[in-house]
2 protein chains.
Amino acid sequence: MSDLLERLRGRGWRMTAQRRVVAEVLDGEHVHLTADEVHARAVAKLPEISRATVYNTLGELVSLGEVLEVSTDKRAKRYDPNAHRPHHHLVCARCGAIRDVRPIGNPLADLPDSERFGFTVSDVEMTYRGLCPDCASA
Amino acid sequence: MSDLLERLRGRGWRMTAQRRVVAEVLDGEHVHLTADEVHARAVAKLPEISRATVYNTLGELVSLGEVLEVSTDKRAKRYDPNAHRPHHHLVCARCGAIRDVRPIGNPLADLPDSERFGFTVSDVEMTYRGLCPDCASA
DNA sequence: TCCTATATTGGACTTAGTCCAAGTCAAGCA
DNA sequence: TGCTTGACTTGGACTAAGTCCAATATAGGA
Ligand SMILES: [Mn+2]
Ligand SMILES: [Mn+2]
Ligand SMILES: [Zn+2]
Ligand SMILES: [Zn+2]
């Protein structure tokens, strides 16, 4: 994620301890944390970081296209650092576990003109639901 | 929607003025109202109906499978009476207009085993995004 | 018509998130 | 290296969406 920090510096960002910590927390694959989870992990590394700064930083990262907001459940938004390789999500209906998935085919092409109601369709978001191995065997 | 009222009576529901009004408000196609919108329209017909009752009734309808909860934007949940014919949604990114759509093919089959991570996948929810005719021409 | 389990109500409470005025500090410059 | 300053951070107040509850009302069966 230090390439992320580089890109941000390139865009004129001041490199503060808070922003560095948020970027660190958002590192890895299958990472889909809520703002409060990001805050909790950030506090572990930098105790004085505020909720407001976490929200600010996440919002900035989203509007720069470096992080995606996903709303797979009906609760808090989740923040997904895997923004540069398009993907969809598979969610456990019981425990909430989330995985990144890449279905085959092009779902945009599967919406016939007669079902477009004159819209200019540019994007599709898919959420698969089911039970993860742990929850299925319990 | 009076067949809905019949089904509810059959399930032992007391038929109150409040429940009748909520059911009336949720009538039609392409209906995707928030709880507050349902409440506002219900108040127009039955001024003394409370927010709590609207939430209670919507929750009951959802758990009976008569109404779907959809979260197409990141704001309030929307309530969709079109629960008996499976469908997906097409949302205008600018004004929020929502249409019911039926893509061709079976998106469940498009998720290869190697992308299932051992999950038992049972369902998929698709949200197409774009601009509605009005917003595209503005 | 009466009775009572079921439904409704208003308001307090919670959760997720936004906003702001005041204080702090990163980074360019002397 | 030390100043300066505008960008950044902070805590707390505020909002929106939704839940919960004790008190009250009523649908529908006896
Ligand atoms: Mn993801
Ligand atoms: Mn719908
Ligand atoms: Zn699970
Ligand atoms: Zn529109």
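As the structure is a prediction and not an experimental result, all values here were calculated from the model. Every chain is numbered from 1, with letters handed out A, B, ... down the list of sequences.
No N or O donor and acceptor, one from the side chain of R14(A) and one from the base of dA27(C), sit under 3.5 Å apart.
The CH2 atom of W13(B) sits 16 Å away from the C1' atom of dT26(D) (whole-angstrom rounding). R75(A) places its CZ atom 12 Å from the C1' atom of dT14(C), with the value rounded to the nearest Å. For the pair D73(B) CG and dA16(D) P, the computed distance is 15 Å after rounding to whole Å. Atom CG in L8(B) sits about 16 Å away from atom P in dA27(D), given to the nearest Å. Rounded to whole Å, atom P of dT6(C) lies 17 Å from atom CZ of R11(B). For the pair M15(A) CE and dG28(C) C1', the computed distance is 16 Å after rounding to whole Å. Whole-Å rounding puts the R19(A) CZ to dC25(C) C1' distance at 12 Å. For R20(B) and dT8(C), the CZ to P distance is 11 Å, given to the nearest whole Å.
One finds a salt bridge joining E37(B) and R78(B) here, because a Lys/Arg side-chain nitrogen approaches an Asp/Glu carboxylate oxygen to under 4.0 Å. For R41(A) and E24(A), the salt-bridge test fails: no basic side-chain N is under 4.0 Å from an acidic carboxylate O. In summary, D36(B) and R51(B) engage in a salt bridge, as defined by a charged side-chain N under 4.0 Å from a carboxylate O.
For the 3.5 Å distance criterion, the side chains of D100(B) and H88(B) fail to qualify, holding no donor opposite an acceptor. There is a side-chain donor-acceptor pair under 3.5 Å between E66(B) and H84(B). H32(A) and N82(A) form no side-chain donor-acceptor contact under 3.5 Å, judged by distance and modelled atom types alone.
Atom-to-atom distance recorded for L111(A):CG and R116(A):CZ is 5.0 Å, nearest 0.5 angstrom. Atom CZ in R99(B) sits 4.0 Å away from atom NE2 in H30(B) (nearest 0.5 Å).
Note on T34(A): every side-chain N or O is 4.0 Å or more away from OP1 and OP2 of dA16(C). Side-chain nitrogen and oxygen atoms of Q18(B) include at least one within less than 4.0 Å of the OP1 or OP2 phosphate oxygen of dT9(C).
One end of the helix from dT1(C)-dA30(D) to dA30(C)-dT1(D) points its axis 20° away from the other end's axis, with each axis taken from 5 pairs and the angle rounded to 10°.
Between Y128(B) and V101(B) there is a side-chain heavy-atom pair separated by less than 4.5 Å.
Place A17(B) and R78(B) on DNA chain D by their nearest nucleotides, and R78(B) ends up nearer the 5' end.
Shown for residues 48-64 of chain B: residues whose heavy atoms fall under 4.0 angstrom of DNA chain D, namely R51(B), A52(B), Y55(B).
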